[in-house]
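Every heavy atom of this structure was used, including side-chain atoms; hydrogens, water molecules and symmetry mates were not. Chain letters run A, B, ... following the sequence lines, proteins first, then strands; residues in each count from 1.
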Number of protein chains: 2
Amino acid sequence: MSVSYDSYKVFYVTATEGSFTAAAQALFVTQPSVTHAIKTLENELGCRLFVRSRGGVELTREGSVLLKYVKTACENIIEAEEVLNQLKKLETGEISIGANETTLHNCLLPQLAKYHAKYPGIRLKINNNSTPAILSQLEDGKLDCAVLVVPKGFHKEDLVVEPLSDQTYMMIAGMGFRELSARTQSLRQLEKYPLVGFCEETISRKEMEAWFAQHQAVYRPDIELATADLIVPVVVANLGIGLVPSAFTEEALAEGKIFRIRIRERLFVQDICLIYAKDKPHPLCMNELLEQIRSIRQVSPQPKSRKGSPS
Amino acid sequence: MSVSYDSYKVFYVTATEGSFTAAAQALFVTQPSVTHAIKTLENELGCRLFVRSRGGVELTREGSVLLKYVKTACENIIEAEEVLNQLKKLETGEISIGANETTLHNCLLPQLAKYHAKYPGIRLKINNNSTPAILSQLEDGKLDCAVLVVPKGFHKEDLVVEPLSDQTYMMIAGMGFRELSARTQSLRQLEKYPLVGFCEETISRKEMEAWFAQHQAVYRPDIELATADLIVPVVVANLGIGLVPSAFTEEALAEGKIFRIRIRERLFVQDICLIYAKDKPHPLCMNELLEQIRSIRQVSPQPKSRKGSPS
DNA sequence: TGTGATCCATAAATTTCATCTATGTATGAG
DNA sequence: CTCATACATAGATGAAATTTATGGATCACA
């Protein structure tokens, strides 16, 4: 009833080689095998495809028509096999990665650079978006993995969440608030100072509000910024005191433009996590990238074991 | 070593159906068969193609990449089979036909019209060229068949020559030469009249020269024309007497513009033959056309049986 | 005018491997 | 808890692809 696709392969090779014998060699089979395959194909298709003659075979008119299609078919298969081999050798591929600004600059970019140097053929698509958006894209399979700042103990069905390191925060002030450097402050004491912080849409904002509330204080920034990297410059300009990820403070601290305010309360801390879909297939090239990202993992005290966290 | 192309077909159907079970139904095999085929393919390719899950299977990243190529491959095969079926049903196809002006108008066109009415999908390419050019194109496979005026007994290695009918000639004159109508003339007697005939390149010209010479006369037209259909009008204009294929004379004879000169000698006659390559493959749609053309064949006395001529 | 080389066809034996039957496992739905 | 559905597995079976061996036709070359 239905024609075996292997026959078409034999047909294609025979047509390009120009003889049954040559085709047999190319296919690593014997000549009678090719003869038989073509004869079968001709019977199934109901028309002659080759004219046998001395020195080889020649396509009939119908054979030529058939070849036109079978040729592109076979070429596609051959190309498919090549591309698949490249995929396996990590010579090509594509990974979509989600990240926050914070994690992108502080964790991801150096690792991506190393990975890209090792596997230059693999396209890296970086998606810098809000944390909730990235999480839903991970679940939808629109992103392959992400490195995000999430609350301590964060977990989600469908997602593997591997903590990489703490995202520590620091309360800082510019030299206009020099009086705060003298001694340890409590959060309530700091409430009377103008605050530089995140705007309302972010997850971190909500967490900070909770953290402040936990210590009988209120987080209500006088200046709200959309991205973390803007806080330090604003603090340097003495527009207020700020609670920022430690990673952003190093340069300004070293230059003496800001100083750290010691806090009585245990400091606000988040997790930087590597996240990816639990039961979805990953591109082959992603395992290497995951390993690369995991290499920055720092052992930190974990209150309880977390799902998906490797030993 | 090499992957069976049948596996790719199974892969394609499975990917489009979305489950092994559905693919099995579509392929008229059992589900374990599909399971096995895909597993084998995955092993041979060295990577997982589907994620098995509740309710069916889902392509992995690599599977998606593979599908992109395999899809066009399979679609080409399917299209190939469709086109081939059309070819077999004579719904499509192409025939290249050679002809002389004489045969084109008198034999071929009516038959081609009938054929085309019956098989409108088949393209007919008509090549109106010189006889030697057409013969060599037949041998090169550039033409599929031809209807030509050739010398009696014409034959050629590699070519099948089937006589269809005689190409009879007629000596005619316009009313300016009314005196010739009185009685039968010999060729020699006619030599003193101006002659309208073929120009030197044609085969017929050479044959006529031979025929004249055979009867102790010389064929040297005072007016030379490239095509036969021009002779009658020139004769009507009383520029000379002419030897032309009978087919061209009917209209002018009926209108009394010319008359026939009776000739003592046996009249010059040629063969109208259907000619095609002997050992070359023919398009499927050609057999019907050959039959159509043969239908005009007239039984004529054959001095000896000719090769390729059916009973 | 043989002779060897080349290429396709054929026949019979062999072996492969694709497929089937039967059954198991997992997982939602009602 | 049971049913329905989908994929996995194992062993048996048989169709068919392949091989070996051989023959015939054609062509180049001496």
Side-chain angles (χ1 to χ4, degrees), chain A residues 1-45 47-60 63 74 139 157-158 277-281, chain B residues 1-45 47-60 62-63 67 74 139 157-158 277-281:
Chain A
M1 194 85 279
S2 175
V3 178
S4 161
Y5 278 26
D6 284 327
S7 310
Y8 288 118
K9 184 183 187 181
V10 175
F11 168 76
Y12 171 64
V13 174
T14 304
T16 52
E17 293 286 336
S19 93
F20 286 0
T21 309
Q25 288 175 337
L27 291 164
F28 302 104
V29 294
T30 57
Q31 168 262 314
S33 181
V34 174
T35 296
H36 181 254
I38 296 296
K39 193 195 286 176
T40 304
L41 182 62
E42 287 177 331
N43 287 338
E44 285 172 328
L45 293 180
C47 63
R48 195 135 261 239
L49 299 172
F50 291 106
V51 179
R52 284 76 164 165
S53 64
R54 55 252 141 216
V57 294
E58 187 192 0
L59 281 169
T60 64
C74 289
E139 287 174 322
E157 186 69 3
D158 307 338
K278 192 178 288 176
D279 296 315
K280 286 221 159 55
Chain B
M1 196 83 281
S2 176
V3 178
S4 162
Y5 277 26
D6 284 328
S7 311
Y8 287 120
K9 184 184 187 181
V10 176
F11 168 75
Y12 171 64
V13 174
T14 304
T16 52
E17 294 285 338
S19 91
F20 286 1
T21 309
Q25 287 176 339
L27 290 164
F28 302 103
V29 294
T30 55
Q31 167 260 313
S33 183
V34 175
T35 297
H36 181 252
I38 296 297
K39 193 196 284 179
T40 305
L41 182 62
E42 286 177 331
N43 287 338
E44 285 171 330
L45 293 179
C47 63
R48 194 135 261 238
L49 299 172
F50 290 106
V51 178
R52 283 78 163 164
S53 66
R54 157 106 203 132
V57 294
E58 188 193 359
L59 282 167
T60 63
E62 291 71 34
L67 179 63
C74 290
E139 287 174 321
E157 186 72 2
D158 309 340
K278 191 178 288 176
D279 296 317
K280 286 220 159 53

Asks: Parallel, tilted or perpendicular for B/F20 and B/F50, by the 30°/60° rule?
Replies: perpendicular

Asks: From CZ of A/F28 over to P of D/dT18, roughly how many Å is that when rounded to an integer?
Replies: 14 Å

Asks: Within a strict 4.5 Å, meaning less than it, do heavy atoms of the A/V57 and A/E17 side chains meet?
Replies: no

Asks: Using 4.0 Å as the upper bound for N to carboxylate O, is an ion pair formed by B/E58 and B/R48?
Replies: no

Asks: What is the separation between atom OH on B/Y5 and atom C1' on C/dC17, rounded to the nearest whole Å?
Replies: 20 Å

Asks: Measure from CD on B/Q25 to P on C/dT19 and round the result to the nearest Å.
Replies: 16 Å

Asks: Please tell me if the side chains of B/S2 and A/K9 come closer than 4.5 Å, counting only heavy atoms from C-beta onward.
Replies: yes

Asks: Would you call B/L59 and B/F11 a side-chain contact if the rule is heavy atoms closer than 4.5 Å?
Replies: yes

Asks: Roughly what angle, to 10°, lies between the helix axis at the start of the helix from C/dT1-D/dA30 to C/dG30-D/dC1 and the one at its end, five pairs per end?
Replies: 30°

Asks: Dump the intermediate steps for side-chain hydrogen bond (donor to acceptor under 3.5 Å, both in side chains) on A/T21 and A/Q25, then the final yes or no.
Replies: CA-CA 6 Å; A/T21 309; A/Q25 288 175 337; over 6 Å; no

Asks: Please list, pair by pair, any protein nitrogen or oxygen found under 3.5 Å from a nitrogen or oxygen in nucleotides 5-9 of chain C.
Replies:
| from | atom 1 | to | atom 2 | distance (Å) |
| --- | --- | --- | --- | --- |
| C/dC8 | OP1 | A/F20 | N | 2.8 |
| C/dC8 | OP2 | A/F20 | N | 3.4 |
| C/dC8 | OP2 | A/T21 | N | 2.8 |
| C/dC8 | OP2 | A/T21 | OG1 | 2.5 |
| C/dA9 | OP1 | A/R52 | NE | 2.8 |
| C/dA9 | N7 | A/Q31 | NE2 | 3.0 |
| C/dA9 | N6 | A/Q31 | OE1 | 3.3 |

Asks: Distance check needed: D/dA17 C1' versus A/I38 CD1, whole Å only.
Replies: 14 Å

Asks: Mind calculating the distance between CG (B/N43) and C1' (D/dT9) to the nearest angstrom?
Replies: 14 Å

Asks: Can you tell me if A/E42 uses its side chain to pair, donor with acceptor, with the backbone of A/C47 under 3.5 Å?
Replies: no

Asks: Would you mind reading off the distance between B/E17 atom CD and D/dA6 atom C1', rounded to a whole angstrom?
Replies: 14 Å

Asks: Rounded to the nearest angstrom, tell me the gap between atom CZ in B/F50 and atom C1' in D/dA8.
Replies: 16 Å

Asks: Whether the A/Q31 and A/T35 side chains hold a donor-acceptor pair (N or O, under 3.5 Å, no angle test) is what I'd like checked.
Replies: yes

Asks: Given side chains that start at C-beta, do those of B/V10 and B/L41 come closer than 4.5 Å, heavy atoms only?
Replies: no

Asks: Quick one: B/L27 CG to C/dA18 P, roughly how many Å, whole number?
Replies: 14 Å

